[in-house]
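In what follows, chains carry the letters A, B, and so on, assigned in the order in which the sequence lines appear, proteins first and then strands, with residues in each chain numbered from 1.
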Protein chains: 2
Amino acid sequence: MTRTRQAVLALLQRTRQPVSANEIFDQLQQEKVAIDLVTVYRTMHVLKELGLVLQLDLHQEGLSRYELKEGREHHHHIRCQICGLIVDLLLCPLKKVTKLIEQQTQFIVDDHTLEFTGLCPQCQ
Amino acid sequence: MTRTRQAVLALLQRTRQPVSANEIFDQLQQEKVAIDLVTVYRTMHVLKELGLVLQLDLHQEGLSRYELKEGREHHHHIRCQICGLIVDLLLCPLKKVTKLIEQQTQFIVDDHTLEFTGLCPQCQ
DNA sequence: ATGGTATTTGCAATAGACTTGCAACAATGA
DNA sequence: TCATTGTTGCAAGTCTATTGCAAATACCAT
């Protein structure tokens, strides 16, 4: 755990939103922490391997975001199409989903994406 | 509707899997249809605008795929992590999801992603 | 501390998907 | 036919992310 990596972790701790590599880079630049963008990517890779960080690839964002794993359970996200605000969803069971989420987050839901991954019959 | 665009549409019609821009490009090259990759991208944009084609941005693929809209209802997909096979899911209601999907597709589900988009309170 | 090994970092270059500018080339229509 | 519009190809550029390599740093046993 080097100074650089601690700076990244500290940033993640004080950031509520999932952040992209570029946002981490920019933020640390502003705080006069010398760090290369490449190092940010490599650090995120390491923190993921260590299980400290979750990587999010939100639909249609075209980039990866990262958030601290801490003790968090499996959860999903909702993102505002206009300002980009990302809010955690505390439920997952996926029934009456839209109504509950609208109540819980005060968002107006207009779309969602559901994807599964697994093994197809031929590959099992 | 130019010859080029008809060639793309025809390809989509005879393809069962959602295809990427590069796959369209390669396939048409093989069929001796002269087309630029840029034109493929622009054509997909047009076909999307016309409501003829759906664009899929599947989780962790890092590229877009396209499929004919035809009369299809809203649906989701499942993709094999090994061979990349993509199969349509006919259900969406999202309850007991995993079990049903495993029965229906014979896949072994090991992960899924659910994302919503909408308007946050500040932006409404 | 000291020297040696392994890890981490920065810089430059690269990869891959996608977009844009621009000029050439249809196609359409009065 | 001429003018207006839409379409294409080529080159170059954007953006996120990765890789090679040498220099800097951290770690550790002596």
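Distances shown here put every side-chain N or O of Thr39(B) at or beyond 4.0 Å from the OP1 or OP2 atom of dT8(D).
Closest approach of Val53(A) to Met44(A), counting heavy atoms only: CG1-CE, 4.0 Å. Scanning both residues, Leu63(A) and Ser20(A), for their nearest heavy atoms gives CD1-CB, 4.0 Å. Of all heavy-atom pairs spanning Pro18(B) and Glu67(B), the tightest one is CG-OE1, 3.8 Å.
Thr4(A) contributes atom OG1, which lies 9.0 Å from atom CG of Leu28(A) (distance to the nearest 0.5 angstrom). Note that the OH atom of Tyr66(B) and the CG atom of Leu47(B) stand 10.0 Å from one another [nearest 0.5 Å].
Hydrophobic clustering of Ile, Leu, Val, Met, Phe, Trp and Tyr side chains at less than 4.5 Å, counting indirect connections, unites Leu50(A) with Ile24(A).
Contacts of Ser64(A) classified as side-chain hydrogen bond (donor to acceptor under 3.5 Å, both in side chains), with partners at least two apart in sequence or in another chain: Gln55(A), Asp57(A). Checked against side chain to side chain contact (heavy atoms under 4.5 Å, CB included), Glu49(B) has the following partners two or more places apart in sequence or in another chain: His45(B). Residues satisfying the side chain to side chain contact (heavy atoms under 4.5 Å, CB included) criterion with Gln6(A), sequence neighbours excluded, are Met1(A). Residues that satisfy the side-chain hydrogen bond (donor to acceptor under 3.5 Å, both in side chains) test with Arg65(A), not counting sequence neighbours, are Glu23(A), Glu61(A).
Thr4(A) comes within 4.0 angstrom of the backbone, heavy atoms only, and of no base.
Protein chain A contacts DNA chain C from dT8(C) to dA12(C), reading 5' to 3' and using non-hydrogen atoms of the protein with a distance under 4.0 Å.
Residues Val19(A) and Leu11(A) form no side-chain contact, since every pair of their non-hydrogen atoms from C-beta on lies 4.5 Å or further apart. Contact annotation: the side chain of Leu68(B) approaches that of Leu9(B) to within less than 4.5 Å [non-hydrogen atoms, C-beta and beyond].
In terms of position on DNA chain C, the residue among Ala21(B) and Thr43(A) whose nearest nucleotide sits closer to the 5' end is Thr43(A).
If you check residues 30-38 of chain A against DNA chain C, the residues with a heavy atom closer than 4.0 Å are Ala34(A), Ile35(A), Asp36(A), Val38(A), listed by number.
In the helix from dA1(C)-dT30(D) to dA30(C)-dT1(D), the end axes, each obtained as the rotation axis mapping the C1' atoms of four pairs onto the next four within a five-pair block, lie 20° apart to the nearest 10 degrees.
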Nucleotide N/O to protein N/O under 3.5 Å, stretch nucleotides 13-16 of chain D:
{"unit_1": "dT16(D)", "atom_1": "OP2", "unit_2": "Asn22(A)", "atom_2": "ND2", "d": "3.3"}

Show the atom names and distances, to 0.1 Å, of all donor-acceptor pairs under 3.5 Å that link a side chain in residues 29-42 of chain A to residues at least two apart or in another chain.
{"unit_1": "Glu31(A)", "atom_1": "OE1", "unit_2": "Arg14(A)", "atom_2": "NH1", "d": "3.4"}
{"unit_1": "Glu31(A)", "atom_1": "OE2", "unit_2": "Arg14(A)", "atom_2": "NH1", "d": "2.8"}
{"unit_1": "Glu31(A)", "atom_1": "OE2", "unit_2": "Gln27(A)", "atom_2": "NE2", "d": "3.1"}
{"unit_1": "Asp36(A)", "atom_1": "OD1", "unit_2": "Val38(A)", "atom_2": "N", "d": "2.8"}

Where protein sits on nucleotides 21-26 of chain D, one letter per nucleotide: B base, S sugar-phosphate only, - none, heavy atoms under 4.0 Å: -----S
